[in-house]
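Comments concern the structure below.
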Amino acid sequence: MANELTVAVLGPGGVGGLLAALLSRTGHRVICLGGEKTAEALRTDGIRVRSARFGDFTARVEAGTELREPVDACLVTVKHTALDAALARVPAPALSDGLLVPFLNGVEHPAALRARYRPDRVAPAVIRVESTRVAPGVIEHGSPFAEIDLTGTDVPRQRLDSLAEAFATAGPATRVLEDETAALWAKMSFLAPFALLTTRYGLPLGDVRTRHRDELTALVEETAAISRACGGPADPAQALARYDAFPPSTKSSMQRDAEAGRPLELDAIGGALLRAAERHGVPAPVAARVVSEVHTFA
C-alpha cells in the first residue's frame with residue numbers, strides 16, 4: 001500500500017460514515033458503497049460529522065452502488081442482518097488483492113467471508129465507539145473515544161500496518177493484534193452481556209448494572225467461560241469494571257435497533273454465543289434464557 005490509500009466503505013452508517021469522513025479528511029481516496037439514494041446524497045453533500053473528539057466538519061467522498069475497481073481496502077460496516085445483501089455490492093473479482101476489513105459484531109463472520117473472498121486478505125477489525133447516522137451523510141460521534149483493533153491471521157503484516165497507520169493518522173487510536181481469536185472474543189465478551197440485557201429490559205446500561213446487577217454478573221461470568229473455552233480472554237471482574245465506568249445513559253446498538261423497530265443482530269451475538277457454548281460443553285443457562293426472552297420480545 002502507498003501512503004495515500006483508496007478505501008471503499010460498504011455501509012456508510014454510524015461507524016462507516018465516521019471512518020470514511022476521517023480517512024477522506026486526511027487525504028485518502030474514499031468510495032462509499034450503498035443504495036442509490038444514499039450514494040446520491042453523499043456525492044452531492046459529502047459526509048457531515050459532528051464530534052466533540054474530532055470536531056465538526058464535512059468530508060467529500062465518492063459514492064456508488066457497487067465496487068467497480070480495485071481498492072487497497074474495503075471496510076465492511078453494515079449490520080449482520082444486512083450483510084448478505086450488502087456483499088453483492090463487492091464482487092470478489094473487483095476487490096481482487098484488496099483487504100476486506102469487517103467491522104462486524106460476533107465471532108463467526110471471518111470464516112464466512114474467507115469462503116467468499118481471498119482468505120489471506122480478510123482482516124477482521126474491532127472498533128470501540130458510539131457513532132450514529134442521524135440522516136444520510138450526517139454522523140454524530142458521541143463517545144469521547146474511538147479505538148480500533150486490527151487483526152488477520154494470514155494477512156501480511158505490512159498490509160495491516162499500513163492500514164493501521166492510516167486509521168491512526170485519521171484519528172482513531174489503532175493497534176494491530178496478532179491473535180485474531182483473542183481480539184474477536186475480547187469484543188464479544190464485553191458486547192454480549194451489554195447488548196442482551198439492555199435490549200431485554202429496554203434500559204440503559206446504568207439501570208442494568210444497578211437494578212439487574214446479579215443477572216449481569218452471571219451473564220458476564222458465563223460469557224467469560226465461553227470465551228476461555230474458545231481461546232479468548234476471560235476476566236469477568238475487568239468486564240464489570242468497564243461497564244461501571246461507562247456513562248449511565250449508554251445504550252447498546254441492539255437496544256437502539258429494538259427501539260427503532262429494526263432487525264436485531266441477535267443471532268450474530270446471542271446465537272453465536274450459545275453455539276460456541278454448545279460446541280465446548282460450557283453451561284450457559286442465563287445466556288440461553290436471556291436470548292430466548294429477547295427473541296420473544298423482538
Side-chain angles (χ1 to χ4, degrees), residues 78-84 103-112 124 126-128 130 181-298:
V78 297
K79 295 288 184 73
H80 263 283
T81 51
L83 181 61
D84 287 342
F103 286 86
L104 295 169
N105 291 326
V107 293
E108 296 177 337
H109 55 275
V126 170
I127 187 166
R128 291 174 289 278
E130 185 178 1
T181 298
L184 293 176
W185 272 101
K187 172 71 177 291
M188 182 72 146
S189 296
F190 174 81
L191 176 64
F194 170 43
L196 292 172
L197 288 178
T198 55
T199 305
R200 163 63 180 85
Y201 291 109
L203 295 171
L205 180 58
D207 289 330
V208 167
R209 70 191 181 205
T210 54
R211 294 165 57 179
H212 302 281
R213 184 75 178 192
D214 290 346
E215 191 171 13
L216 174 62
T217 300
L219 187 52
V220 166
E221 290 174 348
E222 286 185 2
T223 304
I226 297 166
S227 175
R228 184 187 300 110
C230 293
D235 190 340
Q238 183 183 59
L240 289 169
R242 288 182 63 197
Y243 294 138
D244 289 338
F246 270 62
S249 60
T250 303
K251 295 183 176 182
S252 68
S253 60
M254 185 188 290
Q255 179 186 1
R256 293 184 187 278
D257 286 340
E259 292 172 346
R262 294 188 290 262
L264 305 185
E265 292 186 300
L266 184 58
D267 185 67
I269 298 172
L273 185 68
L274 294 178
R275 287 189 287 273
E278 183 176 6
R279 282 197 306 273
H280 293 279
V282 178
V286 177
R289 175 178 54 77
V290 174
V291 169
S292 177
E293 290 172 349
V294 172
H295 186 270
T296 299
F297 298 150

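No experiment lies behind these values; they were computed from the predicted model shown. What you see below is based on every heavy atom in this structure, not just the backbone, and it leaves out hydrogens, waters and symmetry mates.
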Inset, instruction - Measure the spacing between CD of Gln255 and CZ of Phe194 and express it to the nearest 0.5 Å. - result: 7.5 Å
Inset, instruction - Return each pair, listed once, that meets salt bridge (charged side-chain N to carboxylate O under 4.0 Å, His left out) where at least one residue sits in residues 265-285; pairs must be two or more places apart or across chains. - result: Glu108-Arg275, Asp267-Arg275
Inset, instruction - Mind jotting down which residue pairs meet the ring-ring contact (aromatic ring centres under 6.0 Å, His included) criterion with at least one end in residues 251-270? Sequence neighbours excluded, please. - result: none
Legend entry - Asp257 side, atom CG; Lys79 side, atom NZ - distance, nearest 0.5 Å: 3.5 Å
Legend entry - Val220 versus Ala239, closest heavy-atom pair with distance: CG1-CB, 3.9 Å
Legend entry - Contact check, side chains of Leu104 and His80, non-hydrogen atoms, under 4.5 Å: yes
Inset, instruction - Determine the minimum heavy-atom distance between Thr198 and Pro204, stating which atoms define it. - result: CG2-C, 4.3 Å
Legend entry - Closest non-hydrogen atom pair between Ala277 and Ile226, with its separation: CB-CD1, 3.6 Å
Inset, instruction - Looking only at non-hydrogen atoms, find the nearest pair between Ser189 and Pro233 and report the distance. - result: OG-O, 4.1 Å
Inset, instruction - Give every residue pair that meets the ring-ring contact (aromatic ring centres under 6.0 Å, His included) criterion with at least one member in residues 196-224, sequence neighbours excluded. - result: Tyr201-His212
Legend entry - Side-chain touch Thr81/Arg262, heavy atoms, less than 4.5 angstrom: no
Legend entry - Within residues 217-227 or reaching into it, pairs that qualify as salt bridge (charged side-chain N to carboxylate O under 4.0 Å, His left out) - sequence neighbours excluded: none
Legend entry - Test item: Pro193 and Leu216 side chains (from C-beta on) under 4.5 Å apart, heavy atoms: yes
Inset, instruction - With the side chain counted from C-beta on, respond yes when Cys230 and His280 share a heavy-atom pair under 4.5 Å apart, and no when they do not. - result: yes
Inset, instruction - Please tell me if the side chains of Leu184 and Val126 come closer than 4.5 Å, counting only heavy atoms from C-beta onward. - result: yes
Inset, instruction - Output the distance between atom CZ (Arg228) and atom OG1 (Thr223), rounded to the nearest 0.5 Å. - result: 11.5 Å
Inset, instruction - Please collect all salt bridge (charged side-chain N to carboxylate O under 4.0 Å, His left out) contacts where either partner lies in residues 289-298, sequence neighbours excluded, each pair once. - result: Arg200-Glu293, Glu215-Arg289, Arg289-Glu293
Legend entry - Spatial distance of atom CG (Leu197) from atom CG (Leu219) [nearest 0.5 Å]: 5.0 Å
Inset, instruction - Given side-chain contact (heavy atoms from CB on, under 4.5 Å), test Leu264 with His295 step by step and report yes or no. - result: CA-CA 9 Å; Leu264 305 185; His295 186 270; over 6 Å; no
Inset, instruction - State, yes or no, whether a side-chain contact exists between Ile269 and Leu273 at a heavy-atom distance under 4.5 Å. - result: no
Legend entry - Sub-4.5 Å side-chain heavy-atom contact between Leu266 and Leu196: yes
Table please: side-chain donor-acceptor pairs of residues 241-249 below 3.5 Å, with sequence neighbours left out.
unit_1, atom_1, unit_2, atom_2, d
Tyr243, OH, Phe190, O, 2.5
Asp244, OD1, Arg213, NH1, 2.7
Asp244, OD2, Arg213, NH2, 3.0

Legend entry - Rounded distance (nearest 0.5 Å) linking atom CG of Leu205 with atom OG1 of Thr210: 9.0 Å
